[in-house]
2 protein chains.
Amino acid sequence: MIDLLARQSCCLSAQEISERLGESGRSVGLASVYRALELLHELALVQRVDLGDGNTRYEPIQPGGEHHHHAVCDRCGRVTAFEDRSLETALERLAGRLHHSISAHEVVIHGNCERCSERA
Amino acid sequence: MIDLLARQSCCLSAQEISERLGESGRSVGLASVYRALELLHELALVQRVDLGDGNTRYEPIQPGGEHHHHAVCDRCGRVTAFEDRSLETALERLAGRLHHSISAHEVVIHGNCERCSERA
DNA sequence: GCGGTAGTGAGATCGATTCTCAAATAATGG
DNA sequence: CCATTATTTGAGAATCGATCTCACTACCGC
């Protein structure tokens, strides 16, 4: 399961992880998936991602520190990943000013994806 | 209920809204609260805020456009609001580059709040 | 093998959200 | 006013993701 997660570039829900593991032979119960994810989260190896659809997703934290954020299409639900250096810079600068340590941050954008914008 | 929400500066969960309405005399069922929130959300008068604790919160959208984001303490759960102009600027610039329209955005920071950092 | 320990997962449970439906309320038209 | 029809309401049921429980398995050292 660690392998599966590590191979993902973007976020997966616990259900998806369980399903994919089942498809590839090694069936794993949901409870174990959640247990593993909790552990990995404590070890700072995966990040929780909450896109507001009621499902918590998880994605691996890149050792290099690079990471992306997510844009959710409110029409079709598609999730698009993006990265933006100036956004990160702004967040880093913010860290100095804030009376709050920052161990993780998450930016979620809502709107319409390219495809849905065209036929708006 | 509209009044109550409008008076709030920061986010409230549906439960909190129902409770507060009850305390101030006008008891309102949870179902109605959710219904109203859904409507207000469609009208772009309230924004959904998801801080990753399994509760969706809602907060009024300021007509002027100004808004804040949230820092969650992973230790005590306290939610701190903050605003940051350069963060907004970065997001505005991003809007031009992204193949995705932006109708709303949300930034959630995780870490330890001032109080919890001190006794870390 | 045997006792002990840790890991597993099916199913129970929990809690937030959504759905349902009958009752309450408001709007309409005599 | 009263009757009739739409609309809104909210208690409780249903749903669904996440968590918890616990009997069961797997593994380890002796």
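In what follows, chains are A, B, ... by sequence order, proteins preceding strands, each numbered from 1.
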Measure from the side-chain heavy atoms of A:S32 and tell me the nearest of C:dT8, C:dA10, D:dT9.
C:dT8
Across the strands shown, which category fits A:S13 at heavy-atom distances under 4.0 angstrom: base, sugar-phosphate, nothing?
nothing
Quick check on D:dG10: is either OP1 or OP2 less than 4.0 Å from any side-chain nitrogen or oxygen of B:S27?
no
Assign each of A:E38 and A:Q15 the nucleotide of DNA chain D bearing its closest heavy atom; nearer the 5' end lies the nucleotide of A:Q15
Per the side-chain hydrogen bond (donor to acceptor under 3.5 Å, both in side chains) rule, which among A:E83, A:Q62, A:E59 passes with A:H68?
A:E59
N or O in side chain of B:Y34 less than 4.0 angstrom from C:dT18 OP1/OP2:
no
If I take atom CG in residue B:D53 and atom C1' in nucleotide D:dG17, what distance separates them, rounded to the nearest angstrom?
14 Å
Are any of the side-chain heavy atoms of B:S32 and B:R35 separated by less than 4.5 Å?
yes
Provide, to the nearest angstrom, the distance between the CZ atom belonging to A:R26 and the P atom belonging to C:dT8.
13 Å
To the nearest Å, how far apart are A:L30 CG and C:dT8 P?
14 Å
Over how many whole Å does the gap from B:R35 atom CZ to D:dA11 atom C1' extend?
11 Å
Min side-chain heavy-atom separation A:D50-A:E106 under 4.5 Å
yes
Side-chain contact check for B:N55: nearest option of D:dT9, D:dG12, C:dA16 is C:dA16
Atom NE2 of A:H41 to atom C1' of D:dT19: distance rounded to whole Å?
16 Å
B:R48 atom CZ is separated from C:dA16 atom P, nearest whole Å, by 16 Å
To the nearest Å, how far apart are B:L37 CG and D:dT9 P?
13 Å
Minimum-distance nucleotide to B:T56 side chain [options: D:dG10, C:dT17, C:dG9]:
C:dT17
B:C73 pairs by side-chain contact (heavy atoms from CB on, under 4.5 Å) with which of B:N112, B:T80, B:I109?
B:N112
Are B:I61 and B:H67 close enough that some pair of their side-chain heavy atoms sits under 4.5 Å apart?
no
Residue closer to the 5' end of DNA chain D, A:R57 versus B:G29 (nearest nucleotide)
B:G29
C:dT8 C1' sits how many Å from A:I17 CD1, rounded?
17 Å
